[in-house]
Asker: 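Sharing a structure, written as structure tokens. Questions coming.
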Amino acid sequence: MKLKPNADILEMLEGYEKIVLFGDSGCAQLCDVGGILQLEAMEDFLIQNNKKVLGYVFVEGGLCDIHATTLEINDNMNMLREADAFLIQACGVATQVVTDLIPEKESFPAVDSIFLGVMPERFVHHETCVMCGECVLHLTAGICPIARCAKGMLNGPCGGSMDGKCERDGETDCVWQLIYNRLQSLGKLDNIRRIWGIRDRSLSHSPRTIIHEDF
Amino acid sequence: MTCEVAPPHGADHTLIEERIRLVKDYCDAINITDNVRGIPTMDSGICAHFILKTGAEPIMQMSARDRNRVLYESQLYGAYALGIRNIVFITGDHSLLGTHPQTKTVFDLDSVQAIQLAKHLMGGTDLSGAELEGVPEFFLGATFNPFADPLELQAWRVEKKRDAGAKFFQTQAIYDLERFQIFMTKVRPLNVKVLAGIIPLRSKKMAQFMRTRIPGMRIPDEVVSRLEKAGAGLESKEKKAAICAEGLLIAEETINAVRNIQGVHGVHIMSVGWEESIPGLVEACNLYPRPILR
């Protein structure tokens with residue numbers, strides 16, 4: 001996730017004066033977009049630009065946890081009633097959760113949600129999953145070709161893989177080289193020697209719904 | 001002997017006819033590229049139709065970058081109806097390397113799966129199993145890059161493409177004969193038809209551009225320094241002519257060398273906009289006149 005440019009945030013809040021900021025201690029904080037520090041910075045920025053920040057709704061865990069978010073909203077109802085709009089410093093799911101819970105007011109996204117990945121060190125994030133709907137990691141040595149190959153190839157690599165790097169740029173690793181190296185060390189290269197057949201892409205058609213059986 | 005011509009970067013089909021006329025007597029079939037690096041050019045199927053109209057045999061390239069399985073099927077029906085029989089399936093260079101980096105790439109299939117799809121259609125049904133109103137019959141081709149990594153996996157991909165239905169292969173442009181020979185030791189046992197790729201160089205700048213901007217290209221330093229030396233001490237037009245001549249000489253030497261490599265069945269000259277170079281190059285290699293095929 002990345003905070004949107006300041007100008008974009010001001011543009012979407014034009015005409016709204018009293019703002020409540022939303023953040024959480026989960027992904028939003030980990031991605032440095034909606035932790036307490038970023039909510040404070042946003043408050044300063046908005047005040048400088050003649051807005052009133054009435055306060056924060058900060059959820060321990062994730063704003064996507066509807067139960068936890070509902071409890072926080074109930075605790076802050078007076079502040080939220082007074083607000084003109086909400087600025088959500090978390091992913092697109094969070095903005096929609098708040099929209100659903102408080103439909104009478106508008107919730108705006110302060111963040112561009114970019115990908116699902118890992119954070120090997122603070123401020124550094126790599127995309128590792130595209131939620132394709134059919135995990136293949138058991139065949140590719142725990143390294144995803146769909147998320148990490150620039151072409152999402154299953155019978156990779158393409159002819160642009162050179163010296164371990166992707167054709168797209170000189171820095172991105174060719175994921176098929178990584179898969180090859182690791183399968184070789186596992187003695188499982190046969191996994192990728194056979195043709196990988198045409199995939200069922202309907203599994204990744206949005207919007208998707210899952211209903212788990214009760215257990 | 002196959003040649004590649006560049007499709008027009010616009011709507012003027014007479015350009016394709018002009019380019020074909022330059023090369024058609026010097027090759028057995030003409031390859032037409034498909035929006036290389038995502039730079040939009042006239043549709044490869046439409047160009048193949050114009051190639052047919054000139055009396056030449058087209059090879060139509062289809063990239064996985066810009067079309068999903070629905071469009072593949074639809075365009076393959078159309079291509080067959082137009083009389084196009086030779087199709088080369090490629091994954092396609094990433095559009096981030098071209099002029100339209102903002103586009104959404106497709107990659108519904110990869111090149112291996114695209115060959116599987118075409119082969120499937122030749123069986124008389126589409127991917128849903130519905131019977132076709134007219135069954136296409138294609139001569140399926142593919143590409144391989146002897147210079148890409150990892151070598152073993154790249155060789156397995158040739159095998160996969162063969163098993164999917166590819167009968168012939170075009171290679172990436174060859175400048176590094178040593179590596180090509182090593183790769184051919186892996187390809188030979190697969191019993192496929194290989195057309196060795198040749199791109200005549202016409203400037204040092206072009207060589208450097210290809211090295212840095214064209215995926216999967218290996219151009220050894222000595223090739224670049226040969227071009228440099230050829231132009232040394234000369235000015236403007238003379239310098240350009242000397243470098244072009246050296247580029248053609250390198251291409252000629254490479255053609256003669258690859259023809260002696262077991263498992264190579266032909267040559268595929270990619271003119272990259274320098275169609276005028278092809279007749280002289282083919283003649284220099286004693287590959288003209290071409291045998292009459294029909």
Side-chain angles (χ1 to χ4, degrees), chain A residues 130 132-134 136 139-141 143 145-185 187-206, chain B residues 37 63-65 68-70 72 90-97 101 105-117 120 127 142-165 170-173 179 197 211-218:
Chain A
V130 290
C132 68
E134 189 182 23
V136 299
L139 296 170
T140 56
I143 303 169
I146 296 157
R148 296 171 66 183
C149 167
K151 303 175 185 176
M153 291 180 73
L154 289 169
N155 295 290
C158 70
S161 170
M162 284 181 105
D163 305 318
K165 297 295 174 191
C166 171
E167 73 177 24
R168 210 186 60 172
D169 57 68
E171 275 131 52
T172 308
D173 288 329
C174 169
V175 77
W176 277 102
Q177 179 77 56
L178 300 179
I179 291 168
Y180 174 81
N181 294 349
R182 186 160 154 74
L183 282 175
Q184 192 169 42
S185 69
K188 288 185 167 182
L189 274 176
D190 276 352
N191 284 5
I192 53 170
R193 191 159 184 177
R194 60 178 182 82
I195 293 180
W196 209 311
I198 295 173
R199 203 170 151 82
D200 178 2
R201 302 276 181 189
S202 69
L203 298 166
S204 59
H205 287 173
S206 298
Chain B
R37 286 185 291 136
S63 144
R65 183 193 50 236
N68 63 14
R69 66 196 72 184
V70 175
Y72 263 116
I90 58 171
T91 304
D93 300 336
H94 204 287
S95 47
L96 281 175
L97 302 167
T105 56
V106 182
F107 298 118
D108 180 21
L109 311 177
D110 59 33
S111 48
V112 176
Q113 294 164 340
I115 299 163
Q116 281 188 312
L117 164 65
H120 180 95
L127 277 185
T143 60
F144 68 77
N145 183 0
F147 312 107
D149 296 315
L151 191 141
E152 185 179 38
L153 197 41
Q154 293 291 351
W156 290 352
R157 291 185 74 236
V158 180
E159 190 176 21
K160 285 188 188 190
K161 289 176 181 184
R162 180 202 64 181
D163 293 346
Q170 302 168 341
T171 81
Q172 179 60 287
R179 166 77 182 227
R211 265 178 160 182
T212 52
R213 297 294 305 276
I214 305 294
M217 198 69 84
R218 257 184 232 275

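This structure is a prediction, so every number in the text was calculated from the model and none was measured.
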Asker: Select, from A:G160, A:G170, A:C174, A:C158, the one with the greatest count of heavy-atom pairs under 4.5 Å involving chain B.
Answerer: A:C158
Asker: Side chain, backbone, both or neither: which part of B:Q154 has a non-hydrogen atom closer than 4.5 Å to chain A?
Answerer: side chain
Asker: Looking at chain A, which one of B:R69, B:K161, B:E159 has the largest number of heavy-atom pairs inside 4.5 Å, strictly under?
Answerer: B:R69
Asker: Looking at residues at least two apart in the chain, or sitting in another chain, which of them share a salt bridge (charged side-chain N to carboxylate O under 4.0 Å, His left out) with A:K188?
Answerer: none
Asker: Tell me, for B:A164 versus chain A, whether the close heavy atoms (under 4.5 Å) come from the side chain, the backbone, both or neither.
Answerer: both
Asker: Given a strict heavy-atom distance threshold of 4.5 Å, which part of B:F144 is in contact with chain A: side chain, backbone, both, or neither?
Answerer: neither
Asker: Donor-acceptor pair, A:R168 side chain versus B:L96 backbone, under 3.5 Å?
Answerer: no
Asker: Counting heavy-atom pairs under 4.5 Å with chain A, which one of B:R213, B:M217, B:R218 comes out on top?
Answerer: B:R218
Asker: With rounding to the nearest 0.5 angstrom, report the NZ to CD1 distance, B:K160 to A:I192.
Answerer: 6.5 Å
Asker: At a heavy-atom separation under 4.5 Å, does A:D169 approach chain B through its side chain, its backbone, both, or neither?
Answerer: neither
Asker: Just so I understand: if I count every heavy-atom pair under 4.5 Å between each of B:D149, B:L127, B:L117, B:N145 and chain A, which residue has the most?
Answerer: B:D149
Asker: Quick check: are there more than 12 heavy atoms from other residues, nucleotides or ligands sitting under 6.0 Å from CD of A:E171?
Answerer: no
Asker: Which residues pass the side-chain contact (heavy atoms from CB on, under 4.5 Å) test with B:T212, not counting sequence neighbours?
Answerer: none
Asker: For a 4.5 angstrom cut-off between non-hydrogen side-chain atoms, does A:P157 reach B:R157?
Answerer: yes
Asker: Do B:D110 and A:W196 have side-chain heavy atoms sitting under 4.5 Å apart?
Answerer: no
Asker: If contact means a heavy atom pair closer than 4.5 Å, which residues of residues 145-155 of chain A contact chain B?
Answerer: A:A150, A:K151, A:M153, A:L154, A:N155
Asker: Heavy-atom pairs under 4.5 Å with chain A: which of B:L109, B:D163, B:D108 has the most?
Answerer: B:D108
Asker: For A:E167 and B:H94, which heavy atoms make the closest approach, and how far apart are they?
Answerer: OE2-N, 2.6 Å
Asker: Looking at CD1 of A:I198 and CD of B:Q116, how far apart are the two atoms once the value is rounded to the nearest 0.5 Å?
Answerer: 5.5 Å
Asker: Got a sec, which residues hit side chain to side chain donor-acceptor pair (under 3.5 Å) with B:E152, two or more places apart in sequence or on another chain?
Answerer: A:Y180
